[in-house]
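Single-structure report; data block below.
Below, read A as the first sequence line, B as the second, and so on, with proteins coming before strands; counting in each chain starts at 1.
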Amino acid sequence: MMSKSLSRNKIQIIGILTVVVLAAISLYVGKFPLEISELLAGNELHWKVFVNLRLSRTLVGLWGGFALGVTGFVYQTLFRNPLAAPDIIGVSSGASAGAAAGILFCSGFSADVLLLQITGVTFFSFVGALTAVVLALILSRLASSNSKSTIILAGIAVHSLAQTVLMVLKMVADPEKELASIEYWIMGSLNSVRMQVMAGNMVLCVICIVVIFMLHRQLLLLAADEVEARMMGVNVERLRLILLVLATLTVASVVSIAGLVSFVGLFAPHAARMITKNNRIETMFLAGIVGSCLLIIADILARSIAATELPISIFTSLIGAPFLIYLVVKGKADI
Amino acid sequence: MNHFEVQNLTAGYGNNTVLENISFETQRGELVGVIGPNGCGKTTLYKAICNSLPHEGGCYIDGIELENLSPRELARLCAYVPQRSGITIDISVLDVVLQGTNPRLKLLEYPSADMIERAIEIIESVGLTGKENMNYMHLSEGQKQLCIYARAIMSGAKLLLLDEPESSLDFRYRYQLLCSLKEWIRTNESGAIITLHDPTLALNFCDRLIVIAEGRIYAELKRNITSLEEMEEKLSSIYGPLSLQKCVNKSGYEQIVMLKEN
């Protein structure tokens, strides 16, 4: 028992150390050659670059990746489906459509009220994400069979619907201003993240994640059948709704800042489970750590591999898509 | 006072009525078996008692109407062992059994060290000694069934509802589970209702048998009270021609054997 918990702690420590190392690399990598000696000497330009460009995107990589990993764990357990992830069940697409609407409707605000613009985009993003998840739930309830695949099929339908809404929004957007913002945002990037605008999202995200961790024991009860969970004293409908709102709010707060980030929510929980072989609270934490690692690595590659910055989803998909195929081939994705 | 009571229960799915006006009661210390042909409504009865299926009529434990209880209050009084658990995630046997403590824990509370110790004792008592840290998903179907049974015991509820718990168990585990259940009922002054696939097991282990056919209670058979001939007649009309015989095993324990007749 003692050695088991020791090795469990070891895994967490290795995970945290990996994130710290990656975060340090992320702070250093970029077009501007940041020097530690200049920072220590108090060079104003170096400090500006460090705080506004490097630290902000590294922090988003940290908490954004962590949030996506944890929410992937929540969705997979909640829907009792290994393929349930924010981007697969349509939550991310809903958030994208919502954020695009936010960019469109809030672009009228002047630059002085940048914060209002960002809050508006976050708000619309959340509404979009929540609408998507509610729609997916309603559609899966309408299905005559109650199989685990219905939520995935419903998610695909919602994803298509969200893409249609997005297309309409892009058509009515001003090609010179809003359309470019929407396109750039959809591709997913941490480039435009600034400290002052991410604070609110980060606080919201941290609160949601803390509550999710507090409800971990209850979450695992939902992994049983509905009647079974109910007979273990769980108010299934209420708990499911609370966890769904928390997870969706978390995803929306990340997506509204970082844009569409694919596959992190799918890959991270599976990678964590492959390491720990269980679904305990430390596995949920590890899913977050893996998510952070993945997003930071993707961001480092996005800004260093080519002359221009590439969308981070290219790199997350490069890992996530083959992994999805692996799940299907290995029969682990029993939808 | 009756320990458990079902009064005029009518339940079904949509317009299809499966159970019609069922009434029966059980006493403390009693193991009551529910038997009947496939599709007679055994699982529907459990779903109605568990408040998971809209129904008419009422169910009472120690006079408390179950229909008015929250899931937590209901789970404190009554635990359910499904035919097959819906758990499909990697989770240890110990964690599954500890899920049984949920009705007694606050929303954010975790099981105490005493509860963990008790869970390990229960795991051993059902025949899963040393498997507490094993992945539930790696157990055989029979072992999974025992694990879910252990979870129900862990809940501390005074009434157990078991839905064909022996269906995946081999000969040895089948008897081990039923003996453990009888012992649990005796030591805890509790009660249990069990549906069994095998009428012979039901005849030998249950104090009383409720035979359901076509959505109604067709017969009530009491061990040591109802005559063998009457049991034979009632069961024959459900399962086809059969005969019952009393046999004594080498330990001197009398058992009823059911034989199929042509």
* To do: Identify which part of B:Asn102 has an atom lying under 4.5 Å from any heavy atom of chain A, answering side chain, backbone, both or neither.
  => both
* Measure distances from B:Ser92 to the heavy atoms of chain A and classify the residue's part below 4.5 Å as side chain, backbone, both or neither. => side chain
Can you give me every donor-acceptor pair (side chain of residues 232-253 of chain A, partner residue at least two apart or in another chain, under 3.5 Å) with its distance?
residue	atom	partner	partner atom	Å
A:Thr248	OG1	A:Tyr75	OH	3.0
A:Thr248	OG1	A:Leu244	O	2.6
A:Thr250	OG1	A:Leu246	O	2.6
A:Ser253	OG	A:Leu249	O	3.4
A:Ser253	OG	A:Thr250	O	2.7

* Answer yes if the side chains of B:Ser52 and A:Glu226 hold a donor-acceptor pair under 3.5 Å, and no otherwise. => no
* Structure fact -> Honestly, the part of B:Glu109 sitting under 4.5 Å from a heavy atom of chain A is backbone
* **Min side-chain heavy-atom separation B:Ile89-A:Gln76 under 4.5 Å** => no
* Identify which of B:Ala157, B:Pro111, B:Ala75 forms the greatest number of heavy-atom pairs closer than 4.5 Å to chain A. => B:Ala75
* To do: Give me the contact list for residues 212-222 of chain A versus chain B, heavy atoms only, anything under 4.5 Å, ordered by residue number.
  => A:Phe213, A:Met214, A:Leu215, A:His216, A:Arg217, A:Gln218, A:Leu220, A:Leu221
* Asked: Where on B:Arg151 is there a heavy atom nearer than 4.5 Å to chain A: the side chain, the backbone, both, or neither?
  -> side chain
* To do: With rounding to the nearest 0.5 Å, note down the distance linking OG1 in A:Thr283 to CG in B:Asp90.
  => 9.0 Å
* To do: Might you point out which heavy atoms bring A:Met231 and B:Cys78 nearest each other, and give the distance in Å?
  => CE-O, 3.4 Å
* Might you confirm whether atom CD of B:Glu117 has over 12 heavy atoms from other residues, nucleotides or ligands at distances under 6.0 Å? => no
* Asked: Using non-hydrogen atoms only, which part of B:Tyr46 is less than 4.5 Å away from chain A: side chain, backbone, both, or neither?
  -> neither
* Just give me the residue among B:Ile91, B:Asp95, B:Asn135 that pairs up with chain A most often, heavy atom to heavy atom, under 4.5 Å. => B:Asp95
* Structure fact -> Applying a strict 4.5 Å limit to non-hydrogen atoms, the region of B:Leu107 in contact with chain A is both
* A:Glu228 side chain vs B:Gly86 backbone, donor-acceptor pair below 3.5 Å -> yes
* Which atom pair, heavy atoms only, marks the closest approach of A:Val227 to B:Cys50? -> CG1-CB, 4.4 Å
* To do: Please determine, among B:Arg72, B:Gln99, B:Met137, the option with the most heavy-atom pairs under 4.5 Å with chain A.
  => B:Gln99
* What distance separates A:Asp225 CG from B:Tyr80 OH, expressed to the nearest 0.5 Å? -> 8.5 Å
